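Inspection log for the structure reproduced underneath, given as structure tokens.
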Amino acid sequence: MDEPNFASYTLEELEDVLTQIDKAQFPDRVLTIKKEIARRRSGVPAENHSPLDTTNSSPHKTKKGKKSARGIVLAVWPATVVFSVYFGKIPSRNGFIYYAEEPRLFIICLLVFIGVGFYFYHSRDDT
């Protein structure tokens with residue numbers, strides 16, 4: 001019989017299981033539950049990796065390729081804005097949105113596109 005993953009339980013659930021478990025039949029589980037409750041109360045984060053896992057998963061490392069993808073998007077985004085303003089059309093899923101045909105929709109889409117670009121530019125989650 002597989003042992004339950006007590007790390008996925010809430011603190012209330014762990015305390016409830018500790019009161020209900022057959023301590024004579026499952027002494028190792030009782031010990032595991034007590035350790036998990038103590039760990040939670042002390043504020044130590046859980047170790048969710050397997051002992052066989054040899055990958056280094058530091059939370060402070062940036063994923064590879066994220067900065068280069070950001071650079072590509074930041075190079076293409078201004079070019080698309082300039083293209084849209086100069087030619088009066090915005091590329092969309094169903095073709096183009098033309099300024100001459102629908103000026104309000106064109107301006108709204110352009111402002112949304114610019115806003116999303118600035119949001120993407122100013123997000124500092126990869127630095």
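The analysis underlying the following values was restricted to heavy atoms, covering all of them including side chains, and did not include hydrogens, waters or symmetry mates. Being a predicted model, the structure only gives us computed values, none of them experimental.
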Mind checking what makes side-chain contact (heavy atoms from CB on, under 4.5 Å) contact with [X], not counting sequence neighbours?
X: Y99; answer: P103, F106, I107
X: T10; answer: E12, E13
X: K35; answer: L31
X: N94; answer: none

Donor-acceptor contacts, no H, no angles, side chain residues 78-85, under 3.5 Å, sequence neighbours left out:
| from | atom 1 | to | atom 2 | distance (Å) |
| --- | --- | --- | --- | --- |
| T80 | OG1 | V76 | O | 2.9 |
| S84 | OG | T80 | O | 2.8 |
| S84 | OG | K89 | O | 3.4 |

Could you measure the distance from the [atom1] atom of [X] to the [atom2] atom of [Y]? Nearest 0.5 Å is fine.
X: I33; Y: I21; atom1: CD1; atom2: CD1; answer: 4.0 Å
X: T32; Y: N5; atom1: OG1; atom2: CG; answer: 11.0 Å
X: I114; Y: C109; atom1: CD1; atom2: SG; answer: 11.5 Å

| message | Show the nearest heavy-atom pair for residues L18 and K23, with the distance to one decimal. | response |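 Reported closest heavy-atom pair: O-NZ, 2.8 Å.
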
| task | Search all heavy atoms of I90 against all heavy atoms of L110 and return the closest pair with its distance. | result | CD1-N, 3.6 Å

| request: Just grab all the salt bridge (charged side-chain N to carboxylate O under 4.0 Å, His left out) pairs involving residues 98-115, residues at least two apart or on different chains. | output: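 Every candidate salt bridge (charged side-chain N to carboxylate O under 4.0 Å, His left out) pair involving residues 98-115 fails, so no pair, neighbours aside, qualifies.
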
| task | Check whether any side-chain N or O of R40 sits under 3.5 Å from a backbone N or O of A7 as a donor-acceptor pair, and report yes or no. | result | yes

| Is the side chain of W77 donor-acceptor paired with the backbone N or O of V116 at a distance under 3.5 Å, no angle test? |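 No; judged by distance alone, with no hydrogens or angles, the pair does not exist.
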
| Pairing residues for E15 by the salt bridge (charged side-chain N to carboxylate O under 4.0 Å, His left out) criterion, not counting sequence neighbours |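 So E15 forms a salt bridge (charged side-chain N to carboxylate O under 4.0 Å, His left out) with R41.
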
| Which word best sums up how the rings of Y98 and F96 line up, parallel for under 30°, tilted for 30 to 60°, or perpendicular for over 60°? | tilted

| Cluster question for you: counting only ILVMFWY and a side-chain heavy-atom cut-off of under 4.5 Å, with indirect links fine, are I97 and I108 together? |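 Shared cluster, no.
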
